[in-house]
Structures are given as C-alpha cells and as structure tokens.
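Contents: one structure, followed by commentary.
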Amino acid sequence: MVAERYAFPHKHLLGIEPLSPRDITAILNQAAAFEEVCERPEIKIVPALRKRVVVNLFFENSTRTRNSFEIAQKRLSAEIINFDADTSSLKKGETLIDTAMNLQAMHPDLIIMRHSAPGAHALLARHMQASIVNAGDGAHEHPTQALLDAYTLQKKFGRIEGLKIAIVGDIRHSRVVRSNLWLLTKMGAKVTLVGPPTLLPKEMKATWPDVEFTSDFEAVIPQQDAIMMLRVQFERGTGGFIPGQGEYIRFFQLNRERMKMAKPDVAVLHPGPINRGLEITSEVADGPNNLILDQVTNGVPVRMAVMYLLCNPHGETVP
Ligand code: NCD
C-alpha cells in the first residue's frame, strides 16, 4: 500500500482551534517519525530545516517550552536566533509591529513567540511572511503543549478517542486547558473540567457544550483514564479567586488518598512548572502513574513535527 500523502494546509500554528482532526493526526504521525530520530543512540540530528532561520521570541518566562523548541530546532539543523526580550529595543518603547517589521527585513522562515497578549501572534502573522508558532499567548492558547499532551496520551493508551480526561485546577487562567479542550474534543475524548466555581468560568460552556464542569473532584476521579493537573497561576491573580491554599488543597489537590479512588493505571499529567505540595503532592508527581517527564521528552519530537510541517507541508517522513 502506498502511504497516503497529506499536504499540511496551514502556514501558521496560532492555536489548535483552526486545526482539523486530520491536521492533528498528521502532526502526531510526523512526531512519531521524529521520535525515532530523538531515540537514536548517537546521531540525533536530521537536515530537515537546514539553512532555515528560526527566531525565538519569548516575551514571557519559559523554561521547558523555550528549551524544548531550541533542542527541536537543533535536531532539525535550523539556524537559530534567540531574541532576548529583556535587552531588546522593546524596552526602549518600540512596538511589537516595529519589532516584527525589522525582523521581517532579515527574512526569517519561522518565528516562535510567547507573549502575554492573546492575539499578538495573529497580529504578527499579518505583518510578516514568516510562519508563526504560538508558544503561549496569555490565557488564550498553547498549541504545542496540547499536541505533546495528546502525543503522550496516545502513546500510553494507543488512542485519544473515547478517553475520559479530567483537567483540574486553575481553569480560568490556563491557556493549556483551552488548547487541550480544542484538541481533545476534536479527537473525541470526554473531558471533565474540575475546579473551584470561581476558577471555572461559565462562559466556557458556550464554546465547549459537551464538556462537563464540576467542583466535586472526588466524584469524578474513579471514571478517569487520565488526570491532568494545572498549576495554580498566582502571577495571573489566582490568589484573589480562592479563599486560601489550605482550602484549595483540601478539595483539589491530587494526593495519595485521591489516587486510591482512581483506576490503577490512571495517567497523571502536569504541564509544569509544578507547585509541589499545592495542586499535587511530590509523592504523586514522582509516583508510578506520572507521565510528567514523558510529556517533556515528547515535547521535542512534537515541536520538530510542527516546525517541519509548517516549512514542508508535504513532510511525509523524516528526510
Ligand atoms: C504552561 C504555560 O506556560 O502555559 N507551562 C508550560 O508551557 N510548560 C503552564 C503553566 O505555566 O502553568
């Protein structure tokens, strides 16, 4: 049988919302091919993005995502420019559009950007010829995180369709949850959002009508195939939405007692960084059900796949 050729139809990855299930599958399949490259004992580099210029533009803090993109770029042999937002002319008052137009004048192929303003990426995409990848925009989307979460779930369960997944915690401020909601509902998973009522915005029901919303974590634990814990995002003002950390821990922490209520092989995910002892105990975060470091490992081939498909829409296999 001749392998099916699928032309990836997007120039940018601004979010999961515009992707079809086929696009998502194409990225996950391409990531599987790149995972094989990442696992080679010696040569972990392919020439797939040779002579392509990739700019990393991070206006918000990042450890995992930024390093993961950079390792992925190195494994694809790209030319990498790290734009340091702290020392750039933005500090002198230059606007994002001016920065974009100056970058455009240097003809990069790909821009990976994290920015606090939802929609900053769409603005950039209108002013640049390069492909733009959203590495997180405020509380809006974080598409590569959802793709690596999906890749991790698919690796464990062999499928995403029909899985029951609870996403727990600071739903209000999480871009990870929004990208995951798009992805998991498009791929046929059954999602339950869990958190205190103040962190579970009712408006989200209008966008995702099939998703269940609850504040009773323990009632939904036994049915779940996977539990994805979210970080309590104090820097985005979460402290004002919860009575206190003690109360939060009492109802929403994933700990040993709650793990006893779960299926024995439940998958525990967390996008990092973890507030150990708050949303999850160290015992569970480091315990046998956790896939947290697998998520980090899988982030590299998934980001390789995204960058490769944006630059090579017919990228059927590893060249
Ligand atoms: C997430 C982010 O920055 O949105 N982290 C990440 O990318 N791994 C989640 C978070 O900060 O809590």
Side-chain angles (χ1 to χ4, degrees), residues 1-38 45-57 65 68-80 107-114 121-122 124-126 128-137 140-155 159-161 178-188 298-319:
M1 203 173 82
V2 180
E4 198 185 353
R5 298 279 285 253
Y6 178 62
F8 193 71
H10 303 275
K11 174 158 185 205
H12 309 290
L13 181 68
L14 303 181
I16 301 292
E17 186 179 359
L19 301 187
S20 68
R22 256 198 107 189
D23 300 332
I24 294 165
T25 305
I27 296 170
L28 300 183
N29 289 347
Q30 184 66 48
F34 282 131
E35 187 188 351
E36 183 263 319
V37 172
C38 294
I45 299 206
V46 288
L49 289 194
R50 211 163 77 88
K51 300 199 173 142
R52 306 277 193 154
V53 177
V54 185
V55 180
N56 294 315
L57 260 178
T65 305
S68 174
F69 266 110
E70 194 166 336
I71 291 172
Q73 290 151 7
K74 289 196 154 87
R75 294 208 175 144
L76 292 170
S77 315
E79 306 285 337
I80 304 164
H107 306 299
D109 297 285
L110 261 176
I111 309 267
I112 315 301
M113 182 166 85
R114 171 169 283 193
H121 298 76
L124 208 68
R126 283 200 293 277
M128 301 197 65
Q129 268 114 51
S131 289
I132 314 289
V133 177
N134 180 357
D137 59 341
H140 179 230
E141 280 231 40
H142 188 355
T144 57
Q145 180 69 42
L147 287 161
L148 73 87
D149 293 339
Y151 189 84
T152 305
L153 289 169
Q154 184 161 283
K155 243 184 115 168
R159 68 194 161 98
I160 295 169
E161 193 175 357
R178 284 170 182 75
S179 286
N180 262 293
L181 279 168
W182 286 119
L183 191 148
L184 293 170
T185 54
K186 281 171 198 270
M187 302 306 276
N298 295 335
V300 174
V302 166
R303 293 186 168 109
M304 289 169 81
V306 165
M307 293 188 285
Y308 179 58
L309 287 172
L310 293 177
C311 293
N312 302 272
H314 295 279
E316 53 287 348
T317 50
V318 181

Would you give the length of the straight line joining atom [atom1] of [X] to atom [atom2] of [Y], rounded to the nearest 0.5 angstrom?
X	Y	atom1	atom2	result
Leu110	Ile132	CG	CD1	8.5 Å
Leu183	Ile24	CG	CD1	4.0 Å
Ile27	Phe8	CD1	CZ	4.0 Å
Asn29	Arg22	CG	CZ	10.0 Å

Looking at [Y], is its backbone amide N or carbonyl O close enough to the side chain of [X] to form a donor-acceptor pair, meaning the two atoms are under 3.5 Å apart?
X	Y	result
Glu141	Ile16	yes
His121	Met113	yes
Asp23	Ser20	yes

Under the rule for side chain to side chain donor-acceptor pair (under 3.5 Å), what residues qualify as partners of [X], not counting sequence neighbours?
X	result
Asp109	none
Lys11	none
Asn180	Asp149
Asp137	Asn134, His140

Taking the side chain as every heavy atom from C-beta outward, state whether [X] and [Y] have any pair of such atoms under 4.5 Å apart.
X	Y	result
Ile160	Leu28	yes
Pro18	His12	no
Leu19	Trp182	no
Thr144	Ile112	no
Tyr151	Glu35	yes

By side chain to side chain contact (heavy atoms under 4.5 Å, CB included) - contacts of [X] (at least two apart):
X	value
Ala72	Val300, Arg303, Met304, Met307
Arg114	Phe58, Glu60, Ser62, Thr65, Ala135, His142, Arg175
Glu161	none

Taking all heavy atoms of [X] and all of [Y], pick out the closest pair and write down the distance.
X	Y	value
Pro301	Ala31	CB-O, 3.4 Å
Met128	Ile111	CE-CD1, 3.6 Å
Leu14	Ala122	CD1-CA, 4.1 Å

Please tabulate, for side-chain N and O atoms in residues 46-56, each donor-acceptor pair with protein atoms closer than 3.5 Å (sequence neighbours left out).
from	atom 1	to	atom 2	distance (Å)
Arg52	NH2	Cys311	O	3.4
Asn56	OD1	Gln73	NE2	2.8
Asn56	ND2	Gln73	OE1	2.9
Asn56	ND2	Asn82	OD1	2.9

Report task. Would you please test Arg75 and Cys38 for side chain to side chain contact (heavy atoms under 4.5 Å, CB included) and show each step? Result -> CA-CA 8 Å; Arg75 294 208 175 144; Cys38 294; 3.2 Å; yes
